[in-house]
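What follows is a short report on a single structure.
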Amino acid sequence: MAQAFLEKGFLVVISGPSGVGKTTFCQALLKDEPRSVYSVSATTRPPRNGEVQGRDYHFLSEKEFFKMRDSGGLLEWASVHEWYYGTPREPIERWLKENRIVLLDVDVQGGESIKKALPEDVFIFILPPSLEVLEKRLSHRGTDQDAEVKKRLKNAPFEIGHMKSYAYIVVNDKFYEAYARVKAIVEAEKSRISRVVLPAWTSSM
């Protein structure tokens, strides 16, 4: 049966400490949700092995980043792990007009900034089962030097301390179980009454 109403677009903001699996959740949602698109963040961080410009991040110099920020081109920005990160504004505004589900993998500072501007969107915090497990995941992924891993672990308690700013918390112990929860949240949010355009015949009810 055809859908009886139009579903409006919205943001799904996924945050959590580095290494908790935020990008993996976004990649899985992209495969399962036809309306979803992924917002590629801008950063001054150098690329890791295997990362591709424009796919994983928009890698910018500090001069380019601040020019983008000062011209209003960023929806939000923050300094994280001694690098700058931000969310380009133009594609998000365009996708929302197209009624797309926009996935954002952002730090807690970025998530809170977006929530102040767009409080009705969906905010999910991914929590590791323990800091010990988080340390193993960061060490085993092999994309960061030891000093970078230590810095990210040092920042993890600060990030976890902001989880109460989020509407949903999902513990990523077993990925498929955690992903089922994330997917269920997104599916339910698609039917929130504020996000649907009801057919004309319902106005007489």
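Counting begins at 1 with the first residue of the sequence. Just so it is clear, the model here is predicted, and its values are computed rather than measured.
- Here the straight-line distance linking atom OH of Y176 with atom NZ of K183 works out to 12.5 Å at 0.5 Å rounding.
- A156 and L131 make their closest contact through CB-CD2, 4.2 Å (heavy atoms, listed as atom of the first residue, atom of the second, distance).
- Looking at heavy atoms from C-beta onward, P88 lies out of side-chain contact with E90 at the 4.5 angstrom threshold.
- Nearest heavy-atom pair, G9 versus L96, reported as atom, atom and distance to 0.1 Å: C-CD2, 3.8 Å.
- In this structure, F125 and V108 have side chains that are in contact, with non-hydrogen atoms separated by less than 4.5 Å.
- Clustering ILVMFWY residues whenever any of their side-chain heavy atoms sit less than 4.5 angstrom apart, transitively, puts I114 in a cluster other than the one holding L74.
- Between F25 and N172, some side-chain heavy-atom pair lies under the 4.5 Å cut-off.
- Residues V122 and Y168 have side chains in contact (heavy-atom distance under 4.5 Å, counting atoms from C-beta outward).
- Cluster partners of Y85, by chain and number: Y57, F59, V80, W83. The rule joins Ile, Leu, Val, Met, Phe, Trp and Tyr whenever side-chain heavy atoms lie under 4.5 Å apart.
- To the nearest 0.5 Å, atoms CZ (F10) and CZ (R35) are separated by 6.5 Å.
- Closest of all the heavy-atom pairs between Y166 and S15 is OH-OG, 2.7 Å.
- Atom CZ of R181 is surrounded by 12 or fewer heavy atoms from other residues, nucleotides or ligands within 6.0 Å.
- Note on V40: it does not cluster hydrophobically with L60, by side-chain heavy-atom contacts below 4.5 Å among ILVMFWY residues.
- Rounding to the nearest 0.5 angstrom, the gap separating the CG atom in L29 from the CD atom in E187 is 10.5 Å.
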Given K67 and E64, is the salt bridge (charged side-chain N to carboxylate O under 4.0 Å, His left out) satisfied, shown in steps?
-> CA-CA 5 Å; K67 182 179 179 180; E64 291 171 325; over 6 Å; no

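- In terms of heavy-atom proximity, S18 sits nearest to R152 at OG-NH1, 2.9 Å.
- The residues K8 and E120 are annotated as not salt-bridged, no charged nitrogen and carboxylate oxygen being separated by less than 4.0 angstrom.
- Both W95 and I14 are part of a single hydrophobic cluster, where members link through side-chain heavy atoms under 4.5 Å apart.
- Judged by distance alone, with hydrogens and angles left aside, the side-chain atoms of S79 form no donor-acceptor pair with the main-chain N or O of Y84 at under 3.5 Å.
- Here CD of E62 is found 5.5 Å from OG1 of T44. Values are rounded to the nearest 0.5 Å.
- Within the 4.5 Å cutoff, the side chain of L118 has heavy atoms near those of the L11 side chain.
- Between the CG atom of D56 and the OG atom of S41 there is a distance of 11.0 Å, given to the nearest 0.5 Å.
- Environment of NZ in K151: crowded, with over 12 heavy atoms of neighbouring residues, nucleotides or ligands closer than 6.0 Å.
- Both V171 and V13 are part of a single hydrophobic cluster, where members link through side-chain heavy atoms under 4.5 Å apart.
- For the pair N99/E7, no side-chain contact is recorded, criterion being any heavy-atom separation below 4.5 Å from C-beta on.
- Taking all atoms of both residues into account, the shortest heavy-atom contact from P17 to I126 is CD-O, 3.6 Å.
- In this structure, K116 and P119 approach most closely via the heavy-atom pair O-CD, 4.1 Å.
- Note on E112 versus K115: no salt bridge recorded, every NZ/NE/NH1/NH2 to OD/OE distance being 4.0 Å or above.
- Rounding to the nearest 0.5 Å places CZ of R195 at 12.5 Å from CD1 of I193.
- The hydrophobic cluster containing F175 does not contain V133, counting ILVMFWY residues as joined when their side-chain heavy atoms lie under 4.5 angstrom apart, directly or transitively.
- The number of heavy atoms from other shown groups lying within 6.0 Å of CD (E82) does not exceed 12.
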Might you work through the side-chain contact (heavy atoms from CB on, under 4.5 Å) test for E33 and K190, ending with a clear yes or no?
-> CA-CA 11 Å; E33 172 51 59; K190 287 162 61 177; 2.9 Å; yes

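- Residues L104 and I92 have side chains in contact (heavy-atom distance under 4.5 Å, counting atoms from C-beta outward).
- Within the 4.5 Å cutoff, the side chain of L127 has heavy atoms near those of the I160 side chain.
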